[in-house]
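Counting begins at 1 with the first residue of the sequence.
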Amino acid sequence: MKKSIFQYSLLLFAFACCLSGYSQTITFREYLNNVKNNNIRYLVEKYNVDIADADIQAAKVFPDPELSLSATDNQQETLKMGYSFDAALDYTLELGGKRKARIRLAQSQKALADAQLEDFFRNLRADAVIQYSDVLKQKQLLDISASSYYQMKRLADADSIRFKLGEITETDAMQSKLEANSMWNELEQNRADYKNAMVELSVYQGDKNFTDIDSVSGELTYSKHEYNLSSLIIEAQNNRADLQAALLSKDVSAKTLQLARANRAIDLGLTIGATHNTIVKNEIAPAPAFTGVTAGISIPLKFSNSNKGEIKAAQYAVKQSEVVYDAVEMQISKEVIQAYHNYVSACLQVEQFRAKLLSDAETILRNKTYGYQRGETTLLDVLNARRTYNDIYRNYCETLYNSMVSLIELERACGIWDVEL
């Protein structure tokens, strides 16, 4: 009895799996979370921050002392002059604040790496959302092709029956069948485009196995946002991580100059040592065993300071970073203005489609198809209406997609995030 219940449960589970078809649908939120956690390029960029952290630790290190040991045989076997043993400890004392300058430079480079990582993710997120929007567009185009094909297939099947009944000519029946086969080719091409777009989603999510995702949630939507161009430019200058990175790059150049100046200071060499000599048993000049202690300071002669090439290079780098900051600021303003104009234009195009074109094309197609079934119009009229409807609807999908992309690009340019699919 228990065995029968277990087998029955397995059959039910298998039947449920067959019904579900192992379909996997990913939501927009899940997709973005996967991009943030698993994108390969983003993981690579994160290592730059870890490297910068390690560089801070490396900058804090002090110079290592040096221990030297030596032994001397003063011809003990022949002259009985004994042995001597030497030990010395050398240490370089850095002056001029070199260690502090190294630490400050490493900290500035860490802050720059953080800003660059944030800017990288800003662009990655925008590109990932554009790809998700492209999948939604391909999905919609696939639905259009499927709907057109099945409608044309039904019309071709009906024409085949009408031909047998003598209501239409064989040419019309062949023409409708030919159009249905042509639409099937378009359907398969749209299906391939949709699957290829889904593969790109796997790449953004870091899926090395390219696991098949059957579908994505959401659809291309249109909602017009009212923006003030001047406010957008100010907001972009306040939010953009690349402008912050350019500012931090100026700080890195200034810290590099400080380190170059600190490196021109002398470093003192400190030495302390001891020498032990054993008993000298030579008959002419005998001597007792003794231990001597030495201490000293070495002062380098910095003739190399006459060469100011390193200082000049650092000074030019500071001036260059200031110009780069101005260039990035100008680039941001340009991107915001262009993205704003593209978004306004895309919104106007979508509104034109939604106002009249779509409804008119659908009405014409429906009337032509009904008239053909009643013998009032020709097959050519139906095919022309179908092509017009398909072209308009595909153009509408492209325009809707462009409006979504223009909104994403505008938000990318402004450094803000408010996209929902």
Side-chain angles (χ1 to χ4, degrees), residues 46-114 248-249 251-318 321:
K46 281 184 175 180
Y47 280 109
N48 290 332
V49 177
D50 297 332
I51 293 172
D53 273 325
D55 287 339
I56 293 177
Q57 298 299 319
K60 295 179 179 179
V61 70
F62 289 94
D64 292 323
E66 295 182 7
L67 176 64
S68 59
L69 302 173
S70 63
T72 305
D73 180 358
N74 297 313
Q75 293 185 332
Q76 173 66 17
E77 293 295 330
T78 57
L79 300 180
K80 306 298 182 180
M81 296 294 292
Y83 302 96
S84 62
F85 303 94
D86 300 300
L89 186 65
D90 299 317
Y91 181 75
T92 300
L93 180 62
E94 292 184 325
L95 301 179
K98 294 183 180 65
R99 179 174 177 271
K100 183 181 294 185
R102 287 197 302 269
I103 294 174
R104 289 178 176 176
L105 175 59
Q107 290 172 340
S108 295
Q109 291 172 335
K110 167 63 165 55
L112 177 60
D114 287 333
L248 291 171
S249 180
D251 186 63
V252 169
S253 298
K255 294 296 193 304
T256 302
L257 178 59
Q258 292 177 5
L259 179 59
R261 287 171 174 168
N263 286 334
R264 297 173 67 84
I266 62 173
D267 296 332
L268 295 180
L270 305 179
T271 303
I272 184 171
T275 301
H276 177 74
N277 291 280
T278 61
I279 298 175
V280 176
K281 297 180 179 180
N282 184 277
E283 296 180 355
I284 300 175
F290 70 93
T291 299
V293 178
T294 60
I297 298 177
S298 63
I299 302 175
L301 303 177
K302 297 282 288 187
F303 294 116
S304 60
N305 281 353
S306 61
N307 188 333
K308 298 184 179 181
E310 184 181 5
I311 295 292
K312 289 182 178 180
Q315 290 172 339
Y316 289 139
V318 171
S321 63

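Rounded to the nearest 0.5 angstrom, Asp90 CG and Asp64 CG are separated by 12.5 Å. For the atom pair CG (Asp53) and CD (Gln57), the distance works out to 7.5 Å, reported to the nearest 0.5 Å. Taking OG1 of Thr78 as the start and CG of Asn282 as the end, the distance is 9.0 Å to the nearest 0.5 Å. To the nearest 0.5 Å, atom CG of residue Asp50 and atom CG of residue Asp55 are 11.0 Å apart.
Surrounding NZ of Lys281 are at most 12 heavy atoms belonging to other residues, nucleotides or ligands under 6.0 Å away. Open room surrounds CZ on Arg104; 12 or fewer heavy atoms of other groups in view lie less than 6.0 Å from it. Remark: Ile284 CD1 is loosely packed, at most 12 non-hydrogen atoms of other residues, nucleotides or ligands lying under 6.0 Å away. Within a 6.0 Å sphere centred on OH of Tyr47, other residues, nucleotides and ligands contribute 12 heavy atoms or fewer. The number of heavy-atom neighbours closer than 6.0 Å to CD1 of Ile297, taken from other residues, nucleotides and ligands shown, is 12 or below.
Considering only heavy atoms from C-beta on, Leu95 comes within 4.5 Å of Ile266 through its side chain.
Every side chain to side chain donor-acceptor pair (under 3.5 Å) that Ser70 has, sequence neighbours left out, goes to Asp86.
Note on residues 255-270: pairs passing salt bridge (charged side-chain N to carboxylate O under 4.0 Å, His left out), not counting sequence neighbours, are Lys98-Asp267, Asp251-Lys255.
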Q: Show the numbers, then the answer: is there a side chain to side chain contact (heavy atoms under 4.5 Å, CB included) between Asp114 and Val49?
A: CA-CA 6 Å; Asp114 287 333; Val49 177; 3.2 Å; yes
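Annotation for Gly96 and Ala262: closest pair O-CB, 3.4 Å, computed over non-hydrogen atoms.
When atom types are taken as modelled, the side chain of Thr278 and the backbone of Tyr83 share a donor-acceptor pair closer than 3.5 angstrom. Proximity of a side-chain donor or acceptor of Arg99 to a complementary backbone N or O of Lys60 within less than 3.5 Å is detected.
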